[in-house]
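Read through the structure below, which is laid out as structure tokens, and then see the notes.
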Amino acid sequence: MQLHRIDLNLLVVFEAIYTHGSITRASQVLFITQPAVSNALARLRRHCGDELFYRSGRHMQPTARAQAMIGPVRQALGMIRQSLQDGMEFVPETASRTFRLSMADIVEAIVLPRCLPEVTRQAPDCRVHSYPVERSNILQQMDAGQLDLAIDVAQPGREPLLLHQPLLQDRYVCVVRPGHPLLEQELDMDGYLALQHLHISSRRQGSGHIDLHLEQLGVQRQVSVRARHYLLVQPLISKTELAATLPERLARQLGLPYLPLPFPSPALTLNLYWSQRAGQDPAVMWLKELILQSVE
DNA sequence: AGGGATCACAACCCGCCTTC
DNA sequence: GAAGGCGGGTTGTGATCCCT
């Protein structure tokens, strides 16, 4: 295939259709009309000799060829975007861009209220999108220019290709409902293990940080409720006898009474992660510094 | 009804040729 | 070599058709 005969803008259209699963939606984000996207797709189809997308109900599903193409295309476009951005100064007052962050809802609750007021004050035309990305996809999305920063629990040796900086440290505490009889005494290990626990995890199964720590101590707690979102903690804990082991900052934020754990709390460190690529982007580095300052 | 494909038309781009 | 005119090709738009 002769590259000079291909309009490389077709790859931008390809990426938009793949991302949004719709020609109409792609036309909206590219600020061109639906026929223009349809026409561009027709040209790319001729170049590739493949349908690339087929209609399935109201969605455009990628063919196997399109699925094979999307990774390299995203990577190439990410590098082009980066090369065009390199060396450009970031002026928050006039800048207009969207920052994409990956973090769990618990981290959002702790970090975003602290840093977003300053982001909107300094950079009124910038937008922040926060959503959780699977750990295994973070590096790929950062390389493709689809993710700027990620905040996650520090794990030794994780993702050696990512750069990181400690964001905040905390300790775990045991949260119970107001008036819980446990609040009138000191919580010992027997009392802790006798409790029914609420465990929050985005995964369907597997041990949590605390469970792994207890395992090392040779004991096991009783998890009777497992849920995905920390939003559930406040309403559930306040109406039941359940206990939850949470970071102290979050316990304070929820306004629930809490007790120190009857064993040395494992260290909880949240790290801020970014890619080599983002390290060259003055805008991302500006946001990184702002987040670090806001949670100090 | 929503959304992709197609058509006719207009605007723009680019290569080629001519003139200076 | 630079500038201008011409013609063909490409791409975007609105309108409309047709499929799911």
Side-chain angles (χ1 to χ4, degrees), chain A residues 1-91 93-103 105 108 123-134 136-138 140-148 202 204 228-229 231 277-278 280-284:
Chain A
M1 181 178 286
Q2 293 175 304
L3 203 57
H4 72 277
R5 293 198 174 277
I6 298 182
D7 177 0
L8 296 181
N9 279 313
L10 296 180
L11 300 180
V12 178
V13 174
F14 171 77
E15 185 197 28
I17 298 173
Y18 194 100
T19 301
H20 299 285
S22 156
I23 288 189
T24 300
R25 183 77 192 106
S27 72
Q28 289 165 348
V29 300
L30 295 171
F31 299 102
I32 53 178
T33 60
Q34 174 266 318
V37 175
S38 183
N39 187 16
L41 176 59
R43 274 177 274 143
L44 194 58
R45 281 169 167 162
R46 279 197 296 275
H47 279 299
C48 295
D50 186 273
E51 198 184 1
L52 297 176
F53 298 94
Y54 61 92
R55 200 167 171 178
S56 170
R58 297 202 167 168
H59 292 276
M60 295 298 274
Q61 296 290 345
T63 63
R65 176 80 186 278
Q67 286 174 353
M69 281 171 60
I70 188 64
V73 166
R74 278 185 172 151
Q75 205 164 0
L77 292 177
M79 290 167 74
I80 292 169
R81 289 185 184 111
Q82 182 60 48
S83 70
L84 294 174
Q85 234 170 30
D86 278 351
M88 284 176 68
E89 195 186 348
F90 178 70
V91 183
E93 297 79 34
T94 55
S96 173
R97 67 167 281 173
T98 301
F99 292 103
R100 293 175 177 83
L101 314 178
S102 164
M103 62 186 92
D105 61 342
E108 280 181 337
D125 232 16
C126 287
R127 300 156 294 280
V128 174
H129 291 182
S130 169
Y131 47 89
V133 174
E134 284 278 329
S136 55
N137 291 336
I138 285 179
Q140 187 196 354
Q141 292 207 10
M142 283 184 172
D143 277 343
Q146 295 170 330
L147 187 65
D148 297 310
S202 58
R204 284 185 67 183
R228 287 180 61 197
H229 300 291
L231 268 175
R277 180 182 172 283
Q280 307 296 317
D281 184 339
V284 178

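Each chain gets a letter, A, B and so on, in the order its sequence line appears, and its residues count up from 1. Worth knowing before you read on, the calculation uses all heavy atoms, side chains too, and leaves out hydrogens, waters and symmetry mates.
- Considering every non-hydrogen atom in both A/V133 and A/S102, the closest pair reads N-OG, 3.1 Å.
- One interatomic measurement links the two molecules: CD of A/E51 to P of B/dG4, which rounds to 13 Å at whole-angstrom precision.
- The environment of A/R228 atom CZ is sparse: at most 12 non-hydrogen atoms of other residues, nucleotides or ligands sit within 6.0 angstrom.
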Between N or O atoms, less than 3.5 Å apart, protein on one side and nucleotides 10-12 of chain B on the other: list the pairs.
none

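- Among the atoms of the strands shown, base atoms are found under 4.0 Å from some heavy atom of A/S38.
- A donor-acceptor pair under 3.5 Å is formed between the side chain of A/D148 and the backbone N or O of A/R100.
- In this structure, a donor-acceptor pair under 3.5 Å is present between the side chains of A/E108 and A/S130.
- A sub-4.0 Å separation between OP1 or OP2 of B/dG2 and a side-chain N or O of A/T24 is absent.
- The two residues A/R45 and A/F53 come nearest to each other via the heavy atoms NH2-O, 2.7 Å.
- A/R55 places its CZ atom 9 Å from the C1' atom of B/dA5, with the value rounded to the nearest Å.
- Proximity of a side-chain donor or acceptor of A/S27 to a complementary backbone N or O of A/V37 within less than 3.5 Å is not detected.
- Distance check: A/I17 CD1 to A/I23 CD1 gives 4.5 Å after rounding to the nearest 0.5 Å.
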Can you check nucleotides 12-14 of chain C for protein contacts, nitrogen or oxygen pairs under 3.5 Å, and list what you find?
from, atom 1, to, atom 2, distance (Å)
C/dG12, OP2, A/R43, NH2, 3.0
C/dT13, OP2, A/T33, N, 2.8
C/dT13, OP2, A/T33, OG1, 2.7

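- Considering only side-chain N and O atoms, A/R45 lies nowhere under 4.0 angstrom from the phosphate OP1 or OP2 of B/dG4.
- In this structure, the side chain of A/R74 does not engage the main chain of A/P72 through any donor-acceptor pair within 3.5 Å.
- Atom P of nucleotide C/dC19 and atom CD1 of A/I23 are separated by 16 Å, given to the nearest angstrom.
- Rounded to whole angstrom, the span from the CG atom of A/L41 across to the C1' atom of B/dG4 amounts to 10 Å.
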